[in-house]
Every structure is written in C-alpha cells, then in structure tokens.
Participant: 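For reference, the structure I am asking about is given below.
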Amino acid sequence: MQTIHSFGISPSVYHKRGTDNDFPLITVCPQCLYPGILTKHGFYWRNAVFPGGEFRIPIRRYKCPSCHHTVSILPDFLLPNFQHGLAFVIKALRDFFIKGKRVICRQLLQFYRRRFLKNLNRIQAFFRDLGFKGVIGEKEKAIKLLEMIHAAFPKAETFAKRFQEHFPHNFMAN
C-alpha cells in the first residue's frame with residue numbers, strides 16, 4: 001500500500017536529499033489499523049520523470065508488526081505506478097481536453113486519457129462530496145472536472161493527496 005505525503009519540497013530537492021529526507025512515522029497501520037508505530041523497512045528506488053529532469057528517487061517503506069503488510073510513503077508530486085510527475089499528467093490532460101493540443105507522444109496521451117476517462121465517475125463523486133454540483137456528458141465531464149481540479153486545487157499535489165485520502169485509490173488508478 002502507498003500513502004501520499006507532502007514533503008513540502010520540489011522533486012529535485014527530494015532527489016538531492018535522497019534517503020535523508022524527513023520521512024514521517026506511521027502510527028496506525030492503514031491495512032489492519034494496528035495502533036502502534038510501524039517499523040522502518042528500508043527503501044525501494046523508482047524513476048520519476050519531470051519537465052526539469054529525470055530522477056531515481058528513494059521511497060521509504062514501513063512494515064506493520066501485526067499484519068506484516070508494508071506501507072510506502074510516496075511524495076505528493078508522484079502518482080502511484082506512474083513515472084511522470086503528477087503536475088505533468090494533469091497538464092497533458094488539460095492541454096488535450098481544454099486546448100485541443102497534444103504536448104506529449106500520442107501513445108502516452110492515449111494511456112493517460114483512457115485512465116482519466118475510466119475514473120471520471122469517481123472524480124465526480126469526490127467533487128460532489130466536497131459540495132460541487134453538476135457535470136454531464138463524457139467529454140464535457142472531463143473538461144469540467146479538469147477545470148474544477150485546477151480551480152479548487154491550484155497545486156495538483158493537494159488534489160491527489162485529498163483524493164486518495166477520500167477514496168482508497170488514486171485518481172488515475174487502473
């Protein structure tokens with residue numbers, strides 16, 4: 001399981017700090033709700049691609065002493081199972097749906113587009129739970145939701161974190 005955490009730093013600073021980042025302690029297991037501090041369980045390394053560069057960054061892992069599941073702390077500028085940064089993915093989707101521009105290769109755009117459209121109802125439910133109303137038609141819904149994401153959450157990282165706290169999935173989940 002992955003938990004999104006806001007480190008409050010840029011991807012390049014996170015990369016430079018490496019394993020010396022200020023990783024939070026997890027005091028409750030998200031799997032079994034064990035009410036104790038989870039033990040550090042090393043790191044795994046993953047690729048992160050941003051317009052400013054590509055990094056290989058450490059992701060801290062914890063292990064629950066009760067259920068033995070592991071929990072990873074994912075920086076809020078990444079999406080689970082995606083190499084491109086969160087802001088990059090949202091910008092590519094906004095450029096395609098709202099401006100009609102393709103700023104990335106066709107295959108990658110189609111992958112993001114399919115994932116996003118597959119999760120439209122979940123994203124719409126998230127905004128309805130926040131008090132927003134309306135939205136109809138798939139393309140119109142996609143445009144409206146991208147505009148709502150941008151308006152309500154100027155920092156894409158805030159949207160992704162709040163969405164995953166609200167639902168047990170990220171907004172681009174398979």
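Only a predicted model underlies this, so the values are computations on that prediction, with no experimental measurement involved.
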Participant: According to a 4.5 Å side-chain heavy-atom criterion applied to Ile, Leu, Val, Met, Phe, Trp and Tyr, with indirect links allowed, do Leu86 and Leu93 form part of one hydrophobic cluster?
Facilitator: yes
Participant: Please verify the inter-ring angle class for Phe97 with Phe116; under 30° counts as parallel, over 60° as perpendicular, anything in between as tilted.
Facilitator: tilted
Participant: Please say yes or no: joined through hydrophobic side-chain contacts below 4.5 Å, possibly via intermediate residues, are Val49 and Val103 part of one cluster?
Facilitator: no
Participant: Just wondering, do Thr19 and Trp45 contact through their side chains at under 4.5 Å, heavy atoms?
Facilitator: yes
Participant: Assigning hydrophobic clusters by single linkage (Ile, Leu, Val, Met, Phe, Trp, Tyr; side-chain heavy-atom cutoff under 4.5 Å), is Phe50 placed with Phe7?
Facilitator: yes
Participant: Among Arg106, Arg113, Gln107, Arg114, which residue meets the side-chain hydrogen bond (donor to acceptor under 3.5 Å, both in side chains) test with Gln110?
Facilitator: Arg113
Participant: Working to the nearest 0.5 angstrom, can you tell me the gap between Met148 CE and Leu130 CG?
Facilitator: 8.0 Å
Participant: Hey, what do you get for CD (Gln31) to CG (Leu38), rounding to the nearest 0.5 Å?
Facilitator: 10.0 Å
Participant: Looking only at heavy atoms, which two atoms of Leu109 and Ala92 are closest? And how far apart?
Facilitator: CD1-O, 4.0 Å
Participant: Could you tell me which non-hydrogen atom of Tyr34 sits nearest to which non-hydrogen atom of Pro65, and how far apart they are?
Facilitator: CE2-CG, 3.5 Å
Participant: Under 30°, 30 to 60°, or over 60°: which ring-plane class applies to Phe126 and His166, parallel, tilted or perpendicular?
Facilitator: perpendicular
Participant: So which atom in Val71 and which in Thr3 form the shortest heavy-atom distance, rounded to 0.1 Å?
Facilitator: CG1-OG1, 3.5 Å
Participant: Say you draw a straight line from CD1 of Ile9 to CG of Asn21; how long is it, rounded to the nearest 0.5 Å?
Facilitator: 4.5 Å
Participant: Say you draw a straight line from CD1 of Ile57 to CG of Leu78; how long is it, rounded to the nearest 0.5 Å?
Facilitator: 4.5 Å
Participant: Atom OH in Tyr62, atom CD1 in Ile37: separation rounded to 0.5 Å?
Facilitator: 10.0 Å
Participant: Are any of the side-chain heavy atoms of Leu117 and Leu120 separated by less than 4.5 Å?
Facilitator: yes
Participant: A side-chain contact here means heavy atoms from C-beta on lying under 4.5 Å apart; do Leu108 and His84 qualify?
Facilitator: yes
Participant: Do Arg94 and Lys99 have side chains that get closer than 4.5 Å, going by heavy atoms?
Facilitator: no
Participant: Might you confirm whether atom CG of Asp22 has over 12 heavy atoms from other residues, nucleotides or ligands at distances under 6.0 Å?
Facilitator: no
Participant: Can you classify the ring geometry of Tyr14 versus Phe23 as parallel (below 30°), tilted (30 to 60°) or perpendicular (above 60°)?
Facilitator: perpendicular
Participant: Taking the side chain as every heavy atom from C-beta outward, state whether Pro51 and Lys91 have any pair of such atoms under 4.5 Å apart.
Facilitator: no
Participant: With a 3.5 Å distance limit and no angle check, can you tell me whether Ser72 reaches the backbone of Gln2 through a side-chain donor-acceptor pair?
Facilitator: no
Participant: Is there a donor-acceptor pair under 3.5 Å between the side chain of Arg60 and the backbone N or O of Ile73?
Facilitator: no
Participant: Over all heavy atoms of both residues, which pair between Ile4 and Ala160 is shortest? Give the atoms and the distance, please.
Facilitator: CD1-O, 3.8 Å
Participant: Just do the side-chain contact (heavy atoms from CB on, under 4.5 Å) check on Leu74 and Gln164 with the steps written out, would you?
Facilitator: CA-CA 12 Å; Leu74 193 66; Gln164 190 166 1; 5.9 Å; no
Participant: Below 30° counts as parallel, above 60° as perpendicular, anything between as tilted: where do the rings of Phe163 and Phe167 land?
Facilitator: tilted
Participant: Could you walk me through whether Phe82 and Phe88 pass the ring-ring contact (aromatic ring centres under 6.0 Å, His included) test, one step at a time?
Facilitator: CA-CA 11 Å; Phe82 282 71; Phe88 175 85; over 10 Å; no
Participant: If you round to the nearest 0.5 Å, how far is CD1 of Ile59 from CZ of Arg61?
Facilitator: 11.0 Å
Participant: Is there side-chain contact between Arg115 and Leu79, with heavy atoms separated by less than 4.5 Å?
Facilitator: no
Participant: Which atoms form the tightest heavy-atom contact between Asn81 and Arg46, and what is the distance?
Facilitator: N-NH1, 4.0 Å
Participant: Side chains of Asn47 and Glu54: does their closest heavy-atom pair fall under 4.5 Å?
Facilitator: no
Participant: List the residues meeting salt bridge (charged side-chain N to carboxylate O under 4.0 Å, His left out) with Lys101, not counting sequence neighbours, and say none if there are none.
Facilitator: none
Participant: How about Cys29 and Ser66: do any of their side-chain heavy atoms sit closer than 4.5 Å?
Facilitator: no
Participant: Using every non-hydrogen atom in the two residues, find where Ser6 and Asp76 come nearest and quote the distance to one decimal.
Facilitator: OG-OD2, 3.1 Å
Participant: Members other than Val28 in its cluster, when Ile, Leu, Val, Met, Phe, Trp, Tyr link by side-chain heavy atoms under 4.5 Å?
Facilitator: Leu33
Participant: Can you run down the salt bridge (Lys or Arg N to Asp or Glu O under 4.0 Å) pairs that involve residues 164-174, sequence neighbours left out, and say none if there aren't any?
Facilitator: Lys161-Glu165
Participant: For atom NE2 of His150, decide whether the heavy atoms of other residues, nucleotides or ligands shown that lie under 6.0 angstrom number more than 12.
Facilitator: no
Participant: Does the ring center of Tyr112 lie less than 6.0 Å from the ring center of Phe96?
Facilitator: no
Participant: Please say yes or no: joined through hydrophobic side-chain contacts below 4.5 Å, possibly via intermediate residues, are Met1 and Met172 part of one cluster?
Facilitator: no
